There are 2 protein chains.
Amino acid sequence: MPINQAFKALSDPTRRKILDLLRDRDLTAGEIAEHFDMTKPSISNHLNILKQAELVWDERKGQHIVYSLNTTVFQDVMKWLLNFQSGERNESK
Amino acid sequence: MPINQAFKALSDPTRRKILDLLRDRDLTAGEIAEHFDMTKPSISNHLNILKQAELVWDERKGQHIVYSLNTTVFQDVMKWLLNFQSGERNESK
DNA sequence: TCGATAATTAGATAATTATCTAAATATTGA
DNA sequence: TCAATATTTAGATAATTATCTAATTATCGA
């Protein structure tokens with residue numbers, strides 16, 4: 001919901017690549033980590049930042065935790081950007 | 001042009017407020033600084049980051065340097081976001 | 001219940017970013 | 001040309017963020 005967290009989350013290439021991977025299909029934390037040259041705790045941290053920004057959802061399925069994309073916040077960010085072209089004032093804080 | 005710089009630039013509340021101020025009209029560096037409880041060098045640094053991301057243009061007019069909004073990059077960012085709803089794969093790096 | 005697997009949390013460190021004060025540069029107008 | 005004004009650059013420090021290893025938690029299946 002807070003636009004600030006969304007922009008922060010989106011401002012890192014690793015996190016954007018995670019989002020890109022999730023466009024294809026839902027993935028477990030481990031599957032996501034396989035795509036990166038980085039430890040699992042680091043990826044876990046990035047996933048947490050994406051989760052806090054509500055850009056992804058997580059759901060435990062047995063031993064695994066499955067991550068999926070939440071497109072709602074993308075729309076919120078787009079609305080914010082559209083406001084710059086035409087819209088009325090918004091509280092950018 | 002690089003989406004990474006655009007997101008980085010947008011991920012700071014001070015910089016988003018600067019962009020918001022520039023929606024009304026072009027402003028000099030000093031006029032921008034007046035709106036913040038922060039030194040001029042700090043604002044100058046934020047302006048530089050916005051400039052590198054091409055979110056603003058600057059033009060010297062006599063003693064002043066006038067900053068203005070560049071909406072092109074906003075559109076690039078929106079295109080990137082739209083891709084997540086419907087689009088084909090992009091290189092999110 | 002216990003060993004194996006998946007993932008996160010804790011704690012430390014390195015890298016990046018934001019901010020400040022002081023100094024430098026550019027321009028104007030007398 | 002020189003003093004005043006506007007802005008940036010330099011250099012230092014504090015705050016934040018990214019990353020690692022080691023330890024912890026949760027779940028499964030025998």
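Sequence lines set the chain letters: A, B, ... in the order given, protein chains first and strands last, and positions in each chain run from 1. If you're wondering where the values come from, they're calculated on a predicted model, not measured in any experiment.
Interface remark: the B/Q63 side chain does not form any donor-acceptor pair with the C/dT28 base, using a distance-only criterion of under 3.5 Å.
The phosphate of D/dA6 (OP1 or OP2) has no side-chain N or O of B/T28 nearer than 4.0 angstrom. At D/dT27, none of the side-chain N or O atoms of A/H64 fall inside 4.0 Å of OP1 or OP2 (strictly under the cut-off). Not one side-chain nitrogen or oxygen of A/H46 sits closer than 4.0 Å to the OP1 or OP2 atom of D/dA18. For the pair A/K61 and C/dA6, the criterion of a side-chain N or O lying under 4.0 Å from OP1 or OP2 is not met. The shortest distance between the side-chain N/O atoms of B/S42 and the OP1/OP2 oxygens of C/dC20 is below 4.0 Å. Look at A/R60 and you won't find any side-chain N or O under 4.0 angstrom from OP1 or OP2 of C/dA6. Close to C/dT8, at under 4.0 Å from its OP1 or OP2, lies a side-chain N or O of A/Y67. The phosphate of C/dT19 has neither OP1 nor OP2 within less than 4.0 Å of any side-chain N or O from B/K40.
Taking the side chain of B/R15 as heavy atoms from C-beta on, and the options C/dT8, D/dT7, C/dA18, the nearest nucleotide is C/dA18.
Closest-nucleotide positions on DNA chain D for A/M38 and B/I65 were compared, and the one nearer the 5' end corresponds to B/I65. Comparing A/G62 and A/P41 by the nucleotide of DNA chain D whose heavy atom lies nearest to each, the residue mapping closer to the 5' end is A/P41. Comparing A/S44 and B/N45 by the nucleotide of DNA chain C that holds the closest heavy atom to each, the one mapping nearer the 5' end is A/S44.
B/K8 comes within 4.0 angstrom of sugar-phosphate atoms only, judged by non-hydrogen atoms across all strands, and of no base. Residue contacts for A/F36: at a heavy-atom cut-off of 4.0 Å it reaches no nucleic acid atom on any strand shown.
For the pair A/I43 CD1 and C/dA7 P, the computed distance is 12 Å after rounding to whole Å. Per the geometry, CG belonging to B/D37 stands 17 Å off P belonging to C/dA18, to the nearest Å. Atom-to-atom, CD of A/E59 to C1' of C/dA7 comes out at 15 Å; the value is rounded to the nearest Å.
With hydrogens and angles disregarded, no donor-acceptor distance shorter than 3.5 Å links the side chain of A/D26 to the backbone of A/V66.
B/N4 and A/R16 form a side-chain donor-acceptor contact under 3.5 Å, judged by distance and modelled atom types alone.
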